[in-house]
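Notes for the one structure printed next.
Side chains are part of it too, since the values below use all heavy atoms of this structure and drop only hydrogens, waters and symmetry mates.
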Amino acid sequence: MRAGALWGDTLSGLWRAGNERFFSKHMPESLIEQLPKIVAEGKKEVEKILERLSGPHKLALQTNEYVLPSKDKSGLFRGNIREINDKEWLNRLVYGDNLLVMQALLAGDPATGLPSMRGKVDLIYIDPPFDSKADYRTKITLPGFTVIADGTYKADGSVRASGSSEAFTVVQKPTVLEQFAYSDTWKDGTASYLRMIYPRLVLMRELLSDTGSIYVHTDWHIGHYIKIILDESFGRENFQNEIVWKYTKFQMLKMTRFVINSDRLLWYAKNKQRCFYSPQKEPLENPKKLLKKHWDKELGRIQNVKDENGKVQYIEILEEKIDDVWDIPYIGATSSERQNYDTQKPEKLLDRIIKASSPVNGVVADFFSGSGTTGAVAEKLGRRWIMSDIGKPAIMITRKRLIDQESKPFLYQSIGDYQKEAFASSRIFRRVGDLAHVVLNLYGALPFPDEQNPNRNLGYLKNSRTLVLVDSPAKLTGYATLKRAQELRESFLGGWNKVIVLGWNFAFDIASIIQNLNDDKLEVLVIPPDLLDKLKSKSSYQSLLKGGKIRFSSLQYLSIKKPVVNNHSSDIDEITLELDNYVLLSPDALPLDDTSMGKLQHIIAHDPLALIEYWSVDPDYDGETFRSKWQDYRENTENDSDPFRVVKSVKILAPKVKGKRKICVKAVDVFGFESVVVEEVG
């Protein structure tokens with residue numbers, strides 16, 4: 001019996017061990033099991049980031065535009081224009097990955113007078129994406145066309161009556177930077193999302209002042225896990241409230257569960273010194289009447305208060321304390337504050353948060369800024385603000401929104417130098433160099449061996465002396481990249497006759513940079529933005545190599561007619577500016593479906609300037625900082641009644657200058673591509 005029992009115990013032990021090995025190999029870890037690893041990885045990442053802040057290679061912000069809002073048709077900004085490097089504060093709208101934006105803010109920005117913001121932010125509100133199935137495509141409305149004479153062409157190819165006109169919509173996929181961010185955020189579901197958010201929350205805590213607070217907007221998809229991450233990064237003892245935002249949206253006729261009509265806001269303080277500024281009351285739409293009570297000592301109980309005639313007295317309640325359930329309507333389709341941005345939140349929601357948790361003139365930040373509600377409300381309430389987003393549509397909408405409400409001057413910035421390859425690991429490709437290697441092959445270039453080319457981003461065209469450089473998708477290809485390409489052309493392995501730069505994303509003034517370099521042995525081409533979608537597997541890569549369907553297109557630019565300067569008065573010039581033409585970055589490089597592409601081709605052929613979303617003017621350009629002193633944009637009906645077009649010409653008044661006047665015109669098209677033209681007159 002004893003031997004049999006021992007043998008049975010042995011078999012049972014082997015069976016259990018085998019099962020454990022099997023389940024550990026084949027059964028995925030639960031999120032609860034993964035959380036400690038996610039936190040440990042996030043802490044290591046933050047440690048590296050904070051160490052780099054004291055090193056020589058700090059991330060810096062590049063100023064794309066100093067926006068001086070002006071809706072006046074004759075346009076110039078009429079206030080005092082402060083120098084950017086003054087010690088006075090300037091609000092900031094930043095395009096880029098918020099992990100990098102926060103690093104730049106922690107490091108400080110001496111070029112624009114911004115000290116390190118560590119411990120200086122009073123309030124952070126964030127509304128990060130919390131639905132892995134969200135549609136991040138952008139819907140763009142373009143003007144229709146009036147058919148003349150016997151024309152029967154309609155933008156979508158169908159027949160219509162002569163003389164009719166209507167707007168139509170094209171759908172654009174996210175930019176390359178957005179594709180990287182969104183695919184990585186949800187690559188492994190919720191676990192990936194938590195890996196994304198943890199280091200960002202820790203950096204936000206570094207930015208908060210000792211009396212600061214953070215509100216994290218979430219919903220039923222992910223909120224319970226975010227709460228655990230916030231407990232870890234901010235401390236359970238600093239949790240203040242879980243606020244329920246209740247609203248009403250369109251209801252489906254067929255119901256399979258209770259209606260979801262609420263979101264959650266998780267409020268944490270940095271520490272016990274947190275401030276709570278606003279008297280938290282609001283007026284009642286329907287005042288209440290309550291019986292007036294008092295304690296009757298003789299009877300030993302509470303009694304109704306009566307007047308001398310024995311009539312019961314009432315108290316009228318005109319306002320009530322705000323609790324942790326906020327009944328604030330969602331933004332309706334006809335609301336005046338609607339920006340046609342899917343995740344836009346109502347201003348009343350941010351108004352309540354900002355009043356409660358920031359002082360007047362305090363600093364409010366939002367690193368998933370979307371349509372810009374946080375900054376718009378902070379501006380109205382006399383707070384300073386910083387906003388950032390990785391989506392170009394978000395940045396474009398926010399800039400227009402702030403100009404529309406005639407905000408104070410602000411800086412539109414981006415990350416000037418992505419020294420850290422932000423997307424180098426744990427993405428579709430193991431390293432950015434691996435992706436560059438693929439791009440070289442698709443372009444038809446032969447990559448150099450790794451020992452000569454450790455970044456794997458250099459190659460050459462066979463039977464030629466042409467060098468090819470692939471820039472990182474985490475960088476804005478600009479002056480530094482092109483200068484490096486020129487240097488490599490002259491020095492790498494004995495020198496080359498020509499260098500071709502293949503880029504994903506470009507600095508706003510890339511056209512001006514190329515023109516100023518005036519180098520016919522330097523060519524800049526655009527990598528198709530939808531290439532990442534086509535590289536989802538090795539088989540798709542091989543089919544692309546064989547099919548030769550990838551087209552690398554040229555950059556093309558805005559042109560204007562020669563500015564005309566006339567004398568307006570002894571100290572004022574009248575400057576006439578007119579847009580001449582806009583040649584879009586090769587349309588086939590845009591991530592559009594065939595139907596949208598057909599509509600776009602018709603616009604390009606008949607009215608290319610209809611693609612301009614926003615244009616602005618600096619009539620006294622100093623060659624360094626673009627000061628946007630006049631702006632027009634689609635939907636600005638102050639200048640033009642057509643909501644889908646900008647004005648094509650303008651007469652603006654500007655103070656006279658000594659010598660020649662350098663005029664800079666900047667345009668942004670509906671897809672977010674920016675072009676700059678500089679003209680010298682006088």
Side-chain angles (χ1 to χ4, degrees), residues 31 123-134 190 193-194 197 201 204 208 212-252 255-270 274-286 288 317 319-332 335 337-338 341-358 364-371 373-374 377-378 381:
L31 270 173
L123 168 66
I124 296 174
Y125 165 87
I126 59 170
D127 180 19
F130 39 70
D131 184 355
S132 59
K133 296 178 287 298
T190 304
Y193 182 88
L194 298 177
I197 203 70
L201 289 173
M204 289 177 205
L208 280 177
S213 295
I214 183 171
Y215 288 74
V216 180
H217 195 132
T218 186
D219 77 346
W220 62 274
H221 288 94
I222 200 85
H224 42 299
Y225 289 111
I226 293 292
K227 173 72 167 62
I228 296 172
I229 292 293
L230 282 164
D231 280 348
E232 170 62 31
S233 53
F234 278 80
R236 290 180 63 187
E237 69 280 7
N238 291 317
F239 174 57
Q240 304 298 312
N241 275 110
E242 180 182 48
I243 298 160
V244 177
W245 170 36
K246 184 180 180 300
Y247 50 79
T248 301
K249 290 197 296 187
F250 174 76
Q251 307 296 334
M252 301 298 293
M255 298 290 296
T256 59
R257 61 181 175 183
F258 293 113
V259 175
I260 298 171
N261 266 347
S262 65
D263 286 356
R264 302 291 185 272
L265 291 101
L266 301 172
W267 172 26
Y268 281 75
K270 185 170 183 178
R274 67 106 173 102
C275 290
F276 193 56
Y277 295 91
S278 175
Q280 291 300 289
K281 293 182 180 180
E282 67 174 350
L284 289 171
E285 290 184 11
N286 301 306
K288 299 176 183 178
I317 307 298
E319 59 182 12
E320 66 179 356
K321 291 181 180 179
I322 295 172
D323 58 21
D324 58 359
V325 178
W326 297 357
D327 194 348
I328 296 175
Y330 217 82
I331 299 169
S335 170
E337 67 180 78
R338 188 174 181 83
Y341 192 88
D342 286 347
T343 60
Q344 182 185 352
K345 300 302 183 289
E347 291 191 3
K348 186 176 180 181
L349 186 74
L350 272 299
D351 182 273
R352 185 169 293 176
I353 292 169
I354 292 170
K355 283 179 178 176
S357 295
S358 70
V364 177
D366 185 345
F367 298 107
F368 296 88
S369 61
S371 65
T373 302
T374 301
V377 175
L381 294 177

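- Within the 4.5 Å cutoff, side-chain heavy atoms of L201 are placed close to those of I126.
- No side-chain donor from either of Y225 and T190 sits under 3.5 Å from a side-chain acceptor of the other.
- L265 is listed as a side-chain neighbour of I353, based on a closest heavy-atom distance under 4.5 Å.
- A ring-ring contact (aromatic ring centres under 6.0 Å, His included) with W245 holds for exactly one of W326, W267, Y330; it is Y330.
- Pairing each heavy atom of Y193 with each of P129, the nearest pair is CE1-O, 2.7 Å.
- Side-chain contact annotation: D263 with Y247, donor-acceptor N/O pair under 3.5 Å present.
- Using modelled atom types, no side-chain atom of E319 and backbone atom of I317 make a donor-acceptor pair closer than 3.5 Å.
- Among all heavy-atom pairs drawn from T343 and D127, the shortest one is O-OD2, 3.7 Å.
- Note: I354 CD1 to L350 CG = 5.0 Å, rounded to the nearest 0.5 Å.
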Could you walk me through whether I226 and L194 satisfy the side chain to side chain contact (heavy atoms under 4.5 Å, CB included) test, starting with their C-alpha distance in whole Å, then the side-chain angles of each, then the deciding distance to 0.1 Å, before giving a yes or no? CA-CA 7 Å; I226 293 292; L194 298 177; 4.1 Å; yes
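- To the nearest 0.5 angstrom, R264 atom CZ is 9.0 Å from D219 atom CG.
- A heavy-atom distance below 4.5 Å is not found between the side chains of K270 and R274.
- A donor-acceptor pair under 3.5 Å is absent between the side-chain atoms of S262 and the main chain of V244, judged by distance alone.
- The number of heavy atoms from other shown groups lying within 6.0 Å of CZ (R236) does not exceed 12.
- Note: E242 CD to T218 OG1 = 9.5 Å, rounded to the nearest 0.5 Å.
- When all heavy atoms of A378 and V364 are compared, the closest pair comes out as CB-CB, 4.4 Å.
- Remark: the backbone N or O of V325 is paired with a side-chain donor or acceptor of D323 at under 3.5 angstrom.
- Side-chain contact check for L208 versus F234: some heavy-atom pair is nearer than 4.5 Å.
- In this structure, W220 CH2 and I222 CD1 are separated by 10.5 Å, a value rounded to the nearest 0.5 Å.
- In this structure, the side chain of Y125 does not engage the main chain of H217 through any donor-acceptor pair within 3.5 Å.
- Side chain of Q344 to backbone of I331: no donor-acceptor contact under 3.5 angstrom is found.
- Between the CG atom of L266 and the NE2 atom of H224 there is a distance of 11.5 Å, given to the nearest 0.5 Å.
- Rounding to the nearest 0.5 Å gives a distance of 12.0 Å between CG of D327 and CD1 of I322.
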Determine, step by step, whether Y268 and S233 satisfy the side chain to side chain contact (heavy atoms under 4.5 Å, CB included) criterion, reporting the C-alpha distance in whole Å, the side-chain angles of both residues, the deciding distance to 0.1 Å, and the verdict. CA-CA 10 Å; Y268 281 75; S233 53; over 6 Å; no
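- Looking only at side-chain heavy atoms (C-beta outward), D366 and F368 come within less than 4.5 Å of each other.
- Closest approach of P346 and P329 over heavy atoms only: CG-O, 3.7 Å.
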